[in-house]
Number of protein chains: 2
Amino acid sequence: MNNRFPVSLHILTLLDDAKGEVVSSDYLAGSININPVLVRKEIANLRKYGFVDSKEGKGGGSFLAKNATEINLGEVYKAVKSDYILGQNKNEPNPKCPIGRQINEHLLGLYTDAENALIDNLSKQTLADFALKFK
Amino acid sequence: MNNRFPVSLHILTLLDDAKGEVVSSDYLAGSININPVLVRKEIANLRKYGFVDSKEGKGGGSFLAKNATEINLGEVYKAVKSDYILGQNKNEPNPKCPIGRQINEHLLGLYTDAENALIDNLSKQTLADFALKFK
DNA sequence: TTGTCTGTAATAAAAATAATTACAGAATGA
DNA sequence: TCATTCTGTAATTATTTTTATTACAGACAA
């Protein structure tokens, strides 16, 4: 399991906290305690999804590109998701086995369904709701 | 992401298909296309949770220890789960940062909630339901 | 009592993840 | 203009996680 979801959410929470002020990747990396390059990569992804925007050059950094009430955590999850969450789906079962031959399609159905339930749950909360928990 | 959930479900499906007949770890490994030692490790875990039982020695192997209608997929998930599914929760954010200092507790709440939604969804289906999809 | 299984530990290999290094280019402002 | 401080990104290395392999003791059936 990689750490992309919590890292992205941490970034977004910090940007929300900055209230529109530009925040450098070094500052973000310092709070999260990871490498700044990884932060910039994650920001590149968040930017791709329209959650944040960045300013290059001296005094540059990132900031929220939409209101925190318009970013829900299900969308954030979808932005960082790669594999299916319940299995890597890179298994190659034996095609000669009647079960092995069919299992991938049935796993796929299961994964999709379960993951939708997860996303629905996350979608109930916006970044604003999440940020509100911090005192 | 590891493959424990699909491997366990694959094992259980094969055992269900065997209708009480004992199945060797070599046969299971052949269908899943992984190493037999890994299968035996996974079976040791499934046994710990009372889903299967095994017979040692010549002609030995594993079999379901309860009816497939009494094994739901949420329980299977819980049996193989280790980390939280949305993050490894091994991050050590900066305690000097007001956000970093508090984020782990808030992530934990989020994870627990979202994971419960996932488990609830999986629990709607038993092993028998799942096995029925195979023709 | 031999052959075929499981159980399990120890090690090695492979794959995934994260950190680091390096550097081009943008923007600021002295 | 030019030094400085940022971002963006590629390439490499290090670390961690996952899987495979090897090895062998013990169970049990024939």
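Note on naming: letters A, B, ... go to the chains in the order of the sequence lines (proteins, then strands), and numbering restarts at 1 for each one. Keep in mind it's a predicted model, so treat the numbers as computed, not measured.
Under a hydrophobic-cluster definition in which Ile, Leu, Val, Met, Phe, Trp and Tyr are linked whenever side-chain heavy atoms come within less than 4.5 Å, directly or via other members, Leu122(A) and Leu108(B) are assigned to the same cluster. Residues Tyr111(A) and Leu118(A) are members of one and the same hydrophobic cluster, defined by side-chain heavy-atom contacts under 4.5 angstrom among Ile, Leu, Val, Met, Phe, Trp and Tyr.
Contacts between residues 48-55 of chain A and DNA chain D, defined by a heavy-atom separation below 4.0 Å, involve Ser54(A), Lys55(A), listed by number.
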Counting only pairs under 3.5 Å, give me each side-chain donor-acceptor contact of residues 76-86 of chain A, with atom names and distances, residues two or more places apart or in other chains.
from: Lys81(A); atom 1: NZ; to: Asp83(A); atom 2: O; distance (Å): 3.1
from: Lys81(A); atom 1: NZ; to: Glu115(A); atom 2: OE2; distance (Å): 2.6

Kindly list each side-chain donor-acceptor pair under 3.5 angstrom involving residues 123-131 of chain A, sequence neighbours excluded, with atom names and distances?
from: Ser123(A); atom 1: OG; to: Asn72(A); atom 2: OD1; distance (Å): 3.4
from: Ser123(A); atom 1: OG; to: Ile119(A); atom 2: O; distance (Å): 2.8
from: Gln125(A); atom 1: OE1; to: Lys133(A); atom 2: NZ; distance (Å): 3.3
from: Thr126(A); atom 1: OG1; to: Ala128(A); atom 2: N; distance (Å): 3.3
from: Thr126(A); atom 1: OG1; to: Asp129(A); atom 2: N; distance (Å): 3.1
from: Thr126(A); atom 1: OG1; to: Asp129(A); atom 2: OD2; distance (Å): 3.1
from: Asp129(A); atom 1: OD2; to: Thr126(A); atom 2: N; distance (Å): 2.9

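With hydrogens and angles ignored, the 3.5 Å screen pairs a side-chain donor or acceptor of Asn33(A) with a backbone N or O of Glu92(B).
The residue Arg47(B) sits close only to the backbone: its heavy atoms come under 4.0 Å of sugar-phosphate atoms, none of a base. As judged by a 4.0 angstrom heavy-atom cut-off over every strand, Asp26(A) is placed among residues making no nucleic acid contact.
For Ser25(A), a side-chain nitrogen or oxygen approaches OP1 or OP2 of dT7(D) to under 4.0 Å. Side-chain nitrogen and oxygen atoms of Lys41(A) include none within less than 4.0 Å of the OP1 or OP2 phosphate oxygen of dA18(C). Phosphate contact (OP1/OP2 of dT20(C), side-chain N/O of Asn35(A), threshold under 4.0 Å): present.
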Point to revise | Residues Asp53(A), Ser62(A); criterion side-chain contact (heavy atoms from CB on, under 4.5 Å); working and verdict | key: CA-CA 6 Å; Asp53(A) 208 346; Ser62(A) 299; over 6 Å; no

Exercise for review: Take Lys135(A) and Gln102(B) through the side-chain contact (heavy atoms from CB on, under 4.5 Å) test and state the conclusion after the steps.
Suggested key: CA-CA 9 Å; Lys135(A) 305 181 184 79; Gln102(B) 298 178 67; 4.3 Å; yes

Exercise for review: Start with the C-alpha distance between Lys66(B) and Phe51(B), add both sets of side-chain angles, then the distance that settles side-chain contact (heavy atoms from CB on, under 4.5 Å), and finish with yes or no.
Suggested key: CA-CA 6 Å; Lys66(B) 13 162 74 174; Phe51(B) 297 134; 4.2 Å; yes

Exercise for review: Please assess His106(B) against Leu110(B) for the test side-chain contact (heavy atoms from CB on, under 4.5 Å), listing each intermediate value before the final yes or no.
Suggested key: CA-CA 6 Å; His106(B) 299 316; Leu110(B) 198 68; over 6 Å; no

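Glu92(A) places its CD atom 15 Å from the C1' atom of dA14(C), with the value rounded to the nearest Å. One can place CD1 of Ile43(A) at 14 Å from P of dC6(D), the figure rounded to the nearest angstrom. At whole-Å resolution of the value, CG in Leu46(B) and P in dT6(C) are 14 Å apart. Going from atom CD of Glu42(A) over to atom C1' of dT7(D) covers 16 Å, rounded to whole Å. Here dA20(D) presents its P atom at 12 Å from CG of Asn2(B), a figure rounded to the nearest Å. Protein atom CG of Asn45(B) is 13 Å distant from nucleotide atom P of dG7(C), rounded to whole Å. For the pair Asp83(B) CG and dT16(D) C1', the computed distance is 12 Å after rounding to whole Å. Taking atom CG of Asn33(A) as the reference point, atom P of dT20(C) lies 10 Å away to the nearest angstrom.
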Dump the pairs, protein N or O against N or O of nucleotides 23-26 of chain D, anything under 3.5 Å, distances to one decimal.
none

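With axes fitted over five pairs at each extremity, the angle between the ends of the helix from dT1(C)-dA30(D) to dA30(C)-dT1(D) is 0° (10° resolution).
The side chain of Ile34(A) sits closest to dA19(C) out of dT19(D), dC5(C), dA19(C).
Both Gly60(A) and Pro36(A) lie close to DNA chain D; mapped to their nearest nucleotides by heavy-atom distance, the more 5′-ward contact belongs to Gly60(A). Each of Gly59(A) and Ala44(A) has a nearest nucleotide on DNA chain D; the 5'-most of these lies closest to Gly59(A).
Between Ile32(A) and Asn91(B), every side-chain heavy-atom pair lies at or beyond the 4.5 Å cut-off.
The salt bridge (Lys or Arg N to Asp or Glu O under 4.0 Å) pairs that include a residue from residues 36-47 of chain B are Arg4(B)-Glu42(B), where partners are two or more places apart or lie in different chains.
A side-chain contact (heavy atoms from CB on, under 4.5 Å) with Val39(B) is found for one member of Asp26(B), Leu28(B), Val7(B) and no other, namely Leu28(B).
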